[in-house]
Each structure stands twice: as structure tokens, then as C-alpha cells.
Amino acid sequence: MIDKKQFRYDLAYLKMAMEWAKLSHCKRKQVGALIVKDKMIISDGYNGTPTGFENCCEDEEGNTKWHVLHAEANAILKVASSTQSAKGATLYITLSPCKECSKLVHQAGIKRVVYANAYKDTEGLDFLQKAHIEIVHIPVNE
């Protein structure tokens, strides 16, 4: 059980991640992520295409293109290219991690994941639980 002060911070960071999600050019779903360590935002990300690609996430049929990066992957890659470390940090994300991104979360040393909405497949959350990463679900109305 988290205390009231931690809950207030968690809710505030989740709401910030929701604002960050609005920067995504994806039409099907916009997802935002923040990585916070020692009460400082050390990285951010949203789902979208890699640097240098057109900002179109879906193909002609409306399916997500294979090369689109998820929000947490973008945030982890951003912190990896900086002088910061995500070891011991908290990931705030608007949609729980998929199974592929959950491996990145674990390998990055993130110890806590706070999410607003559940991804359709729970394998990512299951993996994070097995990796002993704290998971907190805080439903937030947009």
C-alpha cells in the first residue's frame, strides 16, 4: 500500500505522462511515458516513429507500422543516450508495457512501474512481476 504523499506524486506524474502522450502522431493510440528518479524526471517518451522517419504510425489499412517505437522504449533509449541511469527509477506510463518493452524496463534497472490503463495482453505485467518490479495501477480519467 502506498502512502498518500506517494500517491499524489504518482498521480501527478501519470497526468504529465498523459499530456506527453498527446505529442504522439499515432492515430490508433497515443501513449506517454516518464522515467523519474530521486523526484526528478530523467527521461520522457511517447510512441512514434524513429528519428528521421515520417511521423505517420499507421499504414494504409490503419495497422501500426512495425518500426513504431513504444513510449517506454523511447524513454529508455533516451536515458541510455544521456549521462543518466534508470537504475532504481520509476516508469510512469499511460498504458502498461507489452512483453517486449517489459524486458527493456527490467534490463534498464527500473524498479517500479506506475500505469493508468492496461494493455490488451498482460504478459508484460506478468514478466515484470516475476522480475520483482513493483507494479502500481492507478486508473486516470483523461
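Side chains are part of it too, since the values below use all heavy atoms of this structure and drop only hydrogens, waters and symmetry mates.
- Side-chain atoms of Thr49 come within 3.5 Å of backbone atoms of Glu54 as a donor-acceptor pair (strictly under, hydrogens ignored).
- A side chain to side chain donor-acceptor pair (under 3.5 Å) with Thr64 is found for exactly one of Arg28, Lys29, Lys27, namely Arg28.
- With respect to the salt-bridge test (charged N to carboxylate O, under 4.0 angstrom), the residues Asp10 and Arg112 qualify.
- Judged purely by atom type and a 3.5 angstrom limit, Asp38 has no side-chain atom pairing as donor or acceptor with the backbone of Met40.
- Using a 4.5 Å heavy-atom cutoff, the side chains of Ser102 and Glu123 are not in contact.
- At distances below 3.5 Å, not a single donor-acceptor pair connects side-chain atoms of Asn74 with backbone N or O atoms of Asn47.
- Between Tyr115 and His137, the two ring planes are parallel [angle under 30°; tilted spans 30° to 60°].
- One finds the CZ atom of Phe127 at 12.0 Å from the SG atom of Cys101 (value rounded to the nearest 0.5 Å).
- A 6.0 Å sphere centred on CG of Asn63 holds more than 12 heavy atoms belonging to other residues, nucleotides or ligands.
- Judged by distance alone, the side chain of Lys111 and the main-chain N or O of Lys87 form no donor-acceptor pair under 3.5 Å.
- Heavy atoms from other residues, nucleotides or ligands lying under 6.0 Å from NE2 of His67 number more than 12.
- More than 12 heavy atoms of other shown residues, nucleotides or ligands fall within 6.0 angstrom of atom NZ in Lys65.
- Between the side chain of Ser24 and the backbone N or O of Tyr46 there is no donor-acceptor pair closer than 3.5 Å.
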